[in-house]
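Here's the structure we're looking at; comments come further down.
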Amino acid sequence: MCLAVPGKVESIFDENQMRMGKVNFGGVVKEVCLAFLPDIEVGEYAIVHAGFAISQIDEASAEETLRTFDAMERLDS
């Protein structure tokens with residue numbers, strides 16, 4: 001199953017002429033390609049799928065989605 005997950009952009013940098021960022025997914029930080037979101041800035045939220053930020057999302061929606069994922073994990077255990 002593939003999921004697109006919201007995360008908060010913590011830093012932005014270039015790697016091999018590609019716009020990249022470190023994105024925090026509820027405490028887990030991953031490197032993500034930001035090429036599809038050239039205007040996103042540090043502190044903003046993105047929906048990420050397979051290592052690519054595919055759309056920007058507001059903070060309230062991102063936090064609500066992360067809380068839902070957390071609740072689902074608690075139900076599963």
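Predicted model only: the values in this text are computed from it and were never measured.
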message: Check whether Thr68 reaches the backbone of Glu64 with its side chain - one donor and one acceptor, N or O, closer than 3.5 Å.
response: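 Confirmed, Thr68 side chain pairs with Glu64 backbone.
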Taking a hydrophobic cluster as the set of Ile, Leu, Val, Met, Phe, Trp and Tyr residues connected by side-chain heavy atoms closer than 4.5 Å, whether directly or through intermediates, do [X] and [Y] fall within one such cluster?
X: Phe25; Y: Leu34; value: yes
X: Val9; Y: Phe52; value: no
X: Phe36; Y: Ile47; value: yes
X: Val28; Y: Leu3; value: no

Which donor-acceptor pairs under 3.5 Å do the side chains of residues 12-21 make with protein atoms, sequence neighbours left out?
{"from": "Arg19", "atom 1": "NH1", "to": "Leu37", "atom 2": "O", "distance (Å)": "2.7"}
{"from": "Arg19", "atom 1": "NH1", "to": "Pro38", "atom 2": "O", "distance (Å)": "3.2"}
{"from": "Arg19", "atom 1": "NH1", "to": "Ile40", "atom 2": "O", "distance (Å)": "3.4"}
{"from": "Arg19", "atom 1": "NH2", "to": "Ile40", "atom 2": "O", "distance (Å)": "2.8"}

Listed once per pair and sorted, the side chain to side chain donor-acceptor pair (under 3.5 Å) pairs that draw on residues 26-39, sequence neighbours left out: none
query: Roughly how far apart are Lys8 NZ and Glu59 CD, rounded to 0.5 Å?
result: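 If we round to the nearest 0.5 Å, Lys8:NZ and Glu59:CD are 6.0 Å apart.
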Partner set under side-chain hydrogen bond (donor to acceptor under 3.5 Å, both in side chains) for [X], not counting sequence neighbours:
X: Ser55; result: none
X: Glu63; result: Tyr45
X: Glu10; result: Asn24

Testing the basics here: between [X] and [Y], what is the closest heavy-atom pair and its distance to 0.1 Å?
X: Ala4; Y: Ile54; answer: CB-CD1, 4.5 Å
X: Ser11; Y: Val42; answer: CA-CG2, 3.8 Å
X: Pro6; Y: Leu66; answer: O-CD2, 3.7 Å

- request: Count the heavy atoms belonging to other residues, nucleotides or ligands that lie under 6.0 Å from CZ of Phe69, then report whether that count exceeds 12.
  value: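 Enclosed.
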task: Please list, chain by chain and in numerical order, all residues satisfying salt bridge (Lys or Arg N to Asp or Glu O under 4.0 Å) with Asp70, sequence neighbours excluded.
output: Arg74
message: Show, in sequence, the C-alpha distance, side-chain angles and deciding distance for Val48 and Val32, and conclude whether the side chain to side chain contact (heavy atoms under 4.5 Å, CB included) test is met.
response: CA-CA 8 Å; Val48 178; Val32 170; 3.9 Å; yes
